[in-house]
Amino acid sequence: MARRCCRATSRFTGEIHTHLRESFISTIVIFVCLTFPFTTEAGLYTASDQIVILSPDNVDSVLVNSTAALVVEFYASWCGHCIAFSPEWKRLARDIKEWKPAVDLAAIDCANEDNRPICSRFGVKGYPTLKFFHAYSKPDSKGQGFREGPRDVRGLRHKIIEKMETHEEPWPPACPPLETASKAEIDNFFETNGVEHLALIFETSNSYVGREVTLDLLQYENIAVRRVLRTEEALVAKLGVTDFPSCYLYYPSGNFTRLHVQNEARTFYTYALQRLPGVLRAGNPPPVTSDLLKNTTEDQWRPFNRSGVYMADLESTLHYSLRLELAAHPVIKGEALSALQRYISVLAKYFPGRPVVRNLLKSVDTWLKGQNDTELSYSSLRDALDNTAEVPDAALPDGVRWVGCQGSKPHFRRYPCGMWILFHVLTVQAEEAAGKDPQEVLQAMRSYVHSFFGCRPCATHFENMVKDSMSHVGTLSTAMLWLWSRHNHVNNRLAGALSEDPHFPKIQWPSPELCPSCHGVKNGEHTWNQEELLTFLRSHFSSEHLLSDYLEKEAQLFSRQKESLVARQQEKEQEAKRGVERRAREALVEPPPGQEEEEEEEEDEEEAQEEPAAAEEEVDQRARGEQQGGKTSEPPTWVKPEADVFRQSQRRPSIVGLKLRPPQEEIVDLDSFVNQHYKANALRAAAAGSSRVKRRTLQRQEELQPGAGLEKGPGLGLGVQPVEPEDLLGQRNTLQKRILTGQYTGSEEEGALEMYPHPNKRRWMSFLSVGFSRLDISLCVLLYFLSSMCLLAMYLFFKNRLRLRRAKVALP
């Protein structure tokens, strides 16, 4: 077997190396994944699709006892039919967004193992499966299945209406009546309803327009919609109805008038009725037109033409984007730096502004391309934006002047509106300039929003919206239509939100008034005329039709830029002057290099002088105590003397710059306290015995040498040899250390204690007057151990590699 393996071909050997390398990489990847788990968003839908995502955590709260009916899609993310059906489900969610108080859409991924019990609970066996859940459903309800039928938006919408009409009691409280109205009901309608407008939609029995418009106006106040069949001859004759479908407005006084729309279809009825006087979305305060004439915002209201695009909005957007939003990133690097380069490059190529603004953008683009560093500071970018290099005829207005993007309140519209208009203009200008890359502007917008746009949830929604559809953009005209469609998707999602300006409601743009030819009807459904829409976009956002009202004059622009540069230069000079003064003060206050060492030496000498004095004082106290009672009052052995604690707190470490350790609170153990108490008594008795032996010896020597005791002074005339304070201090410290550690240094058989510590006892803890703690020694040992392991691993690696190389050379 071994010989057979040795005769393997070189290809097989290469496969072995590849397998080993892949195994090693796989092991690393598995280790990283287990160590740093990543959370990914699975499934075919996100929260940006306006679809409720069901899970084990919320399924009961959403489906059981809900005030609204729900239509749930049970799907598997691996199912091809589910993937193909998901765009229709998303379009349906956008189409019936206004129906949400009465009916909503949801989805659950049955391919997720966590969701499998839920799908089994509702009897789902195939995908995709649609089920209708009535309002106030019971916990044991399994929903009503949608039988085979159309899977387009129109067919699904009609199916939902049929389910709503057959809804069992209790009826969803937010849903209006969908049955037909009679003449008697209409005559008495205003007696029981306090609305200003009553819209009557006359249609045939197989038409869904009246019920769809009724649900479309569900969230609006001061208006009611009723469906009237053509068989209601008395009411048809009274109003003189001849066309079906058609819409009439009926008033409390009995007067009526026909609602004139471009096409007799659901979308046109809904758009016209939502904009009647006094009709507003529920929950929004009524807009007060008189406020616009007053200074309710930061700036004075500027009258403007709603069908025009203003250059002031574009320049204001550039100022806010480049000077305010980018300023939140002090250092720009990596992906953000690439996004900034693409953004500036697109602006320099296609921005249709005044020559002074275009010159500045080109200079910033040239400067940015010349930067070879991997990161960029915003301060340097700000210098380029403020034209500190003094490029001739180049300036960017400082400040904002919103015109077409101004809102009725300071927090409405403005910068987001300006960003949409800016990129609409750039896509049109890219087509006019015959750009080569159809996605150049779109990718620049995407990367900028991802890296810099301040509203991070907005950036997430935008990324979810574009990641699957931008790849289909292949021409410059398609790029224009793609951006237009995504703008309308955002308008649909934000309609009715708190960010919606009541004076400028979110609609599907352009409106029928702005571009009548862009709208059409096919099989009763609203359609967009793509060719007319492209023509409108090219004209609306062309550089020739940009309005220059409210722009700052160039002379004022250059004057302000010059003043700004002068002020900045003066500020830099003052800052440099303050820096010089600060350094001069620091030089005067800073001590000479050798002064610190001299101060340390003086402190050490003072400590050395204080220690003998303290020892002498302690000896005197002992002597006086022995004279009085033969005993001295010593503190307990577990309590440190105050002088020692003070000296320890004042003592400096041997290493310069080492911080002093804060004194730690001592905790007394009762068991150790008892042991130390008896040990202290034994040590004092032993010390007293040794002192008596020493006194007798000294007394005998004094008798042999008479008068020797008198030479030492009158204080020691008792015939006792005086003991040096240093010896007493060392004896006391040694005794105290021995008591605290609970160890004897001498032999009990000899009956004596070791009174002086060995001079070399702790020499291994210091070297060249530098102290090393046990932690330092432990770290050194650990580092030596790790280095040895690394060397061993390298040795094994090269040994195995050499063995494989020898085996390869031995092959025939």
Side-chain angles (χ1 to χ4, degrees), residues 48 86-87 90-91 94 309 313-314 317-318 321-322 335-353 357-358 361-362 364-366 368-369 416-453 458-492 508-510 515 517-518 527-546:
S48 303
S86 60
K90 295 177 183 178
R91 280 193 287 268
R94 293 192 299 269
V309 179
D313 292 329
L314 299 178
T317 303
L318 289 182
S321 170
L322 299 176
E335 182 181 355
L337 181 59
S338 301
L340 176 64
Q341 292 172 343
R342 286 195 293 267
Y343 180 55
I344 297 295
S345 177
V346 166
L347 291 176
K349 285 182 181 180
Y350 305 123
F351 185 76
V357 178
R358 284 189 281 125
L361 293 175
K362 291 179 181 178
V364 174
D365 182 47
T366 303
L368 197 57
K369 291 179 178 177
C417 167
M419 285 296 291
W420 280 112
I421 292 180
L422 173 63
F423 282 102
H424 278 300
V425 170
L426 292 177
T427 54
V428 173
Q429 296 304 313
E431 187 189 41
E432 291 183 0
K436 298 180 180 180
D437 185 5
Q439 295 189 12
E440 182 180 12
V441 176
L442 301 181
Q443 291 292 350
M445 178 184 184
R446 179 183 183 181
S447 58
Y448 178 87
V449 171
H450 176 73
S451 299
F452 301 110
F453 196 65
C458 303
T460 303
H461 283 298
F462 187 81
E463 181 63 25
N464 293 335
M465 183 177 58
V466 305
K467 62 183 179 181
D468 296 330
S469 57
M470 187 180 290
S471 59
H472 301 296
V473 177
T475 61
L476 295 171
S477 59
T478 308
M480 296 165 53
L481 292 174
W482 182 91
L483 185 61
W484 160 81
S485 65
R486 295 309 175 271
H487 192 177
N488 272 339
H489 286 181
V490 175
N491 285 344
N492 179 272
Q508 295 302 287
W509 186 88
C515 181
S517 59
C518 296
T527 59
W528 292 97
N529 191 329
Q530 301 288 336
E531 295 297 330
E532 294 294 335
L533 188 59
L534 276 174
T535 302
F536 169 79
L537 294 176
R538 293 188 182 105
S539 174
H540 189 74
F541 295 111
S542 66
S543 57
E544 299 176 355
H545 292 165
L546 295 178

Self-check item: Heavy-atom pair with the smallest gap, counting every atom of Leu546 and Pro352
Solution: CD1-CG, 3.7 Å
Quiz item: Less than 4.5 Å apart, any side-chain heavy atom of His489 and any of Met465?
Solution: yes
Exercise. Measure across Ala336 and Ser451 and return the closest heavy-atom pair with its distance rounded to 0.1 Å.
Key: CA-OG, 4.0 Å
Quiz item: Which atom pair, heavy atoms only, marks the closest approach of Leu422 to Leu314?
Solution: CA-CD2, 3.8 Å
Exercise. Kindly assign one of parallel, tilted or perpendicular to the pair His424 and Trp509, based on the angle between their ring planes and the thresholds 30° and 60°.
Key: tilted
Quiz item: Can you tell me if Asn464 uses its side chain to pair, donor with acceptor, with the backbone of Thr460 under 3.5 Å?
Solution: yes
Quiz prompt | Euclidean distance, Ser345 OG relative to Lys362 NZ, rounded to 0.5 Å | solution = 12.0 Å
Practice problem: For side chain to side chain contact (heavy atoms under 4.5 Å, CB included), just list the numbers for Gln439 and Arg446, CA-CA rounded to whole Å, side-chain angles, deciding distance to a tenth of an Å, and then say yes or no. | Solution: CA-CA 10 Å; Gln439 295 189 12; Arg446 179 183 183 181; over 6 Å; no
Quiz prompt | Residue pair Leu318, Phe351: steps toward the side chain to side chain contact (heavy atoms under 4.5 Å, CB included) verdict | solution = CA-CA 10 Å; Leu318 289 182; Phe351 185 76; 3.5 Å; yes
Quiz item: Rounded to the nearest 0.5 Å, how far apart are SG of Cys518 and CD of Glu531?
Solution: 11.0 Å
Quiz item: If you measure from CG on Leu534 to CD on Gln530, what distance do you get to the nearest 0.5 Å?
Solution: 7.0 Å
Quiz item: Are side-chain heavy atoms of Phe453 and Met445 found at a separation under 4.5 Å?
Solution: no
Self-check item: Residue list, side-chain contact (heavy atoms from CB on, under 4.5 Å) with Ser338, at least two apart or on another chain
Solution: Arg342
Quiz item: With Trp484, which residues qualify under ring pair (Phe, Tyr, Trp, His ring centres under 6.0 Å), at least two apart?
Solution: Trp528
Practice problem: Look up atom CE in Met480 and atom CG in Leu537, then write down how far apart they are to the nearest 0.5 Å. | Solution: 5.0 Å
Quiz item: Any side-chain hydrogen bond (donor to acceptor under 3.5 Å, both in side chains) pairs touching residues 532-541, not counting sequence neighbours?
Solution: Glu431-Arg538, Ser517-Glu532, Ser539-His545
Quiz item: Do Leu481 and Leu533 come close enough that some side-chain heavy atom pair is under 4.5 Å?
Solution: yes
Quiz item: Shortest non-hydrogen contact from Ala430 to Leu476?
Solution: O-CD1, 3.8 Å
Exercise. Taking the side chain as every heavy atom from C-beta outward, state whether Leu340 and Tyr448 have any pair of such atoms under 4.5 Å apart.
Key: no
Exercise. Using a 4.5 Å cut-off on heavy atoms from C-beta on, say whether the side chain of Arg91 contacts that of Pro87.
Key: yes
Quiz item: Tell me, do Lys349 and Gln429 make a side-chain contact under 4.5 Å, heavy atoms counted?
Solution: no
Quiz item: Considering residues, nucleotides and ligands other than Glu335, do more than 12 of their heavy atoms fall under 6.0 Å from its CD?
Solution: no
Quiz item: If every non-hydrogen atom of Thr478 is compared with every non-hydrogen atom of His472, which pair is closest and at what distance?
Solution: CG2-O, 4.4 Å
Exercise. May I ask you to decide if Arg94's main-chain N or O and Asn492's side chain share a donor-acceptor pair within less than 3.5 Å?
Key: yes
Quiz prompt | Heavy-atom side-chain contact between Asp365 and Leu347 under 4.5 Å | solution = no
Exercise. Decide yes or no on side chain to side chain contact (heavy atoms under 4.5 Å, CB included) for Thr427 and Phe541, but give the supporting numbers first.
Key: CA-CA 9 Å; Thr427 54; Phe541 295 111; over 6 Å; no
Self-check item: From Ser447 atom OG to Glu463 atom CD, the distance as rounded to the nearest 0.5 Å
Solution: 10.0 Å
Exercise. Output, in order, the C-alpha distance, side-chain angles, deciding distance and verdict of side chain to side chain contact (heavy atoms under 4.5 Å, CB included) for Leu322 and Ile344.
Key: CA-CA 9 Å; Leu322 299 176; Ile344 297 295; 3.8 Å; yes
Quiz prompt | Straight-line distance of Phe423 CZ to Leu442 CG, nearest 0.5 Å | solution = 9.0 Å
Practice problem: Would you tell me whether Tyr350 and Glu440 have side-chain atoms, one donor and one acceptor, within less than 3.5 Å of each other? | Solution: yes
Exercise. Could you check Tyr343 against Ser321 for side-chain hydrogen bond (donor to acceptor under 3.5 Å, both in side chains), going step by step and ending with a plain yes or no?
Key: CA-CA 11 Å; Tyr343 180 55; Ser321 170; 3.0 Å; yes
